[in-house]
Amino acid sequence: MPELPEVETTVRDLERKVRNRTFIDIWTDSVKMIKSPLNFEDFKKEIKNEKIQKIWRRGKNIIFELSGGKILLIHQKLTGHLLVGRWKKEKGQWKSQIKGTLDEPVNRFLHLIFSLDNGEMLGLSDLRKFAKVMLIKKEELENLKDLNELGPEPLDKDFTFEKFKERFKNKKGKIKQVLMDQQVIAGIGNIYSDEILWEAKIHPLRDVGTLNNEELGKIYIAMQKILKKGIELKGESFSDYRTPSGEKGNYDKFRKVYRREGEKCRRCGEVIQRIKIGERSAHFCPNCQK
DNA sequence: CGATTCCCCTGATAGC
DNA sequence: TGCTATCAGGGGAATC
């Protein structure tokens with residue numbers, strides 16, 4: 001489940017691996033993932049011979065700046081992940097040639113492959129086919145809702161505690177849901193919101209209005225700590241996320257609550273619980289999160 | 001307008 | 001063994 005740390009890891013790896021590469025050809029078996037232009041032949045025609053100049057991230061969106069003033073935007077959603085390497089087709093099925101990933105189940109779900117001018121391929125593997133791909137003009141980017149309705153970047157140096165608190169003013173709802181609201185703060189999803197709240201010792205069901213200055217401070221500090229740790233460890237890999245090189249992230253070993261239902265809290269030994277908050281699962285320690 | 005529900009999709013898992 | 005029902009889950013759209 002790519003959230004900020006996974007997307008950041010992806011972008012850093014892509015910068016190394018596909019910057020200055022040119023798209024030669026595109027293949028897909030899932031045209032519905034491409035939202036713009038809607039006609040795949042148009043998409044193909046427009047992206048062919050475009051050179052990748054720069055890759056960056058905004059929230060969970062990956063932005064490829066291309067020559068010719070075009071932008072390729074990819075949102076990996078739940079199970080999407082980008083891989084760079086070589087594949088070959090065997091019996092109608094793409095098989096990864098990326099070291100260590102030959103038999104990885106994650107590579108069974110390649111639905112979009114960009115062939116590059118160095119013989120390598122940029123592939124989008126996505127079990128659920130929820131990922132979103134758009135090719136737009138650069139000037140359309142600033143009016144794109146996907147980006148301009150996003151809240152601030154949580155790790156921005158300018159995103160001070162004062163600004164953080166400002167984002168919660170007049171907000172209603174449970175802290176877990178508000179933290180995951182991309183319009184409040186960009187990039188935090190189900191995994192890291194659970195981890196942040198455990199770190200801050202705040203119960204996920206707490207209404208944001210009841211949080212005092214000290215508690216908000218704890219969340220602010222925890223948010224930075226956990227997201228930075230996530231990036232340092234190259235994200236998680238218990239879901240099908242992999243880095244573009246096909247490596248697993250190491251956050252799994254560090255994680256304190258997410259998908260640890262029934263296991264012991266690493267702080268107090270209490271049993272970790274899982275509840276539903278707004279159709280999403282939340283994991284927490286009922287003893288040390290107040 | 002805000003809050004809730006539905007839907008996209010399909011492998012894994014549970015129940016029979 | 002094999003069929004069917006349920007679940008997960010980001011985010012946008014439809015609906016309450």
Side-chain angles (χ1 to χ4, degrees), chain A residues 1-10 28-36 38 57-63 73-82 93-94 103-112 124-134 136 143-151 153-154 167-197 204-205 207-209 227 230 235-242 251-252 255 257-262 272-284:
Chain A
M1 201 196 310
E3 301 179 26
L4 189 151
E6 288 76 26
V7 180
E8 181 64 30
T9 302
T10 297
T28 188
D29 66 353
S30 188
V31 289
K32 282 175 89 175
M33 293 199 306
I34 300 166
K35 308 295 180 189
S36 169
L38 279 173
R57 170 189 74 72
R58 179 73 177 94
K60 302 174 193 170
N61 298 275
I62 300 170
I63 293 108
L73 186 146
I74 297 180
H75 193 305
Q76 305 176 102
K77 295 280 182 79
L78 295 175
T79 53
H81 52 279
L82 292 165
Q93 270 250 312
W94 287 101
D103 299 313
E104 277 267 349
V106 293
N107 292 308
R108 287 181 307 182
F109 313 112
L110 278 169
H111 293 300
L112 185 61
L124 176 63
S125 176
D126 188 3
L127 185 152
R128 294 279 188 280
K129 295 185 184 174
F130 282 176
K132 180 168 72 178
V133 178
M134 299 173 87
I136 57 170
N143 294 320
L144 200 70
K145 278 188 176 179
D146 301 64
L147 295 199
N148 66 16
E149 287 186 357
L150 288 176
E153 284 294 328
R167 303 303 297 166
F168 291 93
K169 274 220 175 110
N170 306 318
K171 277 275 175 291
K172 279 187 244 171
K174 300 165 185 71
I175 181 62
K176 159 93 175 165
Q177 285 176 301
V178 178
L179 265 183
M180 288 201 295
D181 185 338
Q182 301 303 296
Q183 297 189 21
V184 176
I185 300 167
I188 301 169
N190 214 20
I191 299 169
Y192 293 97
S193 57
D194 277 358
E195 296 292 313
I196 289 165
L197 291 174
L205 285 172
D207 192 288
V208 281
L227 293 177
E236 54 84 11
S237 280
F238 40 80
S239 69
D240 28 19
Y241 175 76
R242 297 293 181 276
Y251 192 81
D252 299 23
R255 105 193 112 105
V257 278
Y258 188 77
R259 289 207 194 167
R260 291 196 68 242
E261 183 188 17
I272 300 298
Q273 275 186 17
R274 186 173 87 139
I275 54 169
K276 279 236 170 186
I277 303 179
E279 289 307 300
R280 293 291 181 269
S281 55
H283 311 74
F284 66 101

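Keep in mind that the numbers below use all heavy atoms, side chains included, and drop hydrogens, waters and symmetry copies. Each chain gets a letter, A, B and so on, in the order the sequences are listed, and its residues count up from 1.
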Would you kindly give the [atom1]-to-[atom2] distance between [X] and [N], to the nearest whole Å?
| X | N | atom1 | atom2 | value |
| --- | --- | --- | --- | --- |
| A/Glu6 | C/dG10 | CD | P | 12 Å |
| A/Ile191 | C/dA8 | CD1 | P | 15 Å |
| A/Lys129 | C/dG10 | NZ | C1' | 18 Å |
| A/Leu78 | B/dA12 | CG | C1' | 15 Å |
| A/Lys171 | B/dA3 | NZ | P | 9 Å |
| A/Met180 | C/dG9 | CE | C1' | 10 Å |
| A/Asp126 | B/dG11 | CG | P | 12 Å |
| A/Leu150 | C/dG12 | CG | P | 9 Å |

Of the listed nucleotides (C/dG9, B/dC8, C/dG12), which one gets closest to any side-chain atom of A/Lys32? B/dC8
Might you work through the side chain to side chain contact (heavy atoms under 4.5 Å, CB included) test for A/Ile185 and A/Phe168, ending with a clear yes or no? CA-CA 10 Å; A/Ile185 300 167; A/Phe168 291 93; 4.2 Å; yes
Can you list the steps and then say if A/Thr79 with A/Lys129 is a side chain to side chain contact (heavy atoms under 4.5 Å, CB included)? CA-CA 8 Å; A/Thr79 53; A/Lys129 295 185 184 174; over 6 Å; no
Is the backbone of A/Ile277 close enough, under 3.5 Å, to the side chain of A/Arg280 for a donor and an acceptor to pair up by distance? no
Check whether A/Arg167 reaches the backbone of A/Gln183 with its side chain - one donor and one acceptor, N or O, closer than 3.5 Å. yes
Side-chain touch A/Met33/A/His111, heavy atoms, less than 4.5 angstrom: yes
Any side-chain N or O of [X] below 4.0 angstrom from OP1/OP2 of [N]?
| X | N | result |
| --- | --- | --- |
| A/Lys276 | C/dC7 | no |
| A/Arg274 | C/dA8 | yes |
| A/Gln182 | C/dG11 | yes |
| A/Ser281 | C/dG9 | yes |
| A/Lys60 | C/dG10 | no |
| A/Tyr258 | C/dG9 | yes |
| A/His75 | C/dG10 | no |
| A/Lys77 | B/dC8 | no |

For A/Phe130 and C/dG11, are the ring centres under 5.5 Å apart with planes inclined under 30°? no
Please state whether the base of C/dA8 and the side chain of A/Arg128 form at least one donor-acceptor pair under 3.5 Å? yes
Considering heavy-atom distances to DNA chain B, does A/Lys172 or A/His111 have its closest nucleotide positioned more toward the 5' end? A/Lys172
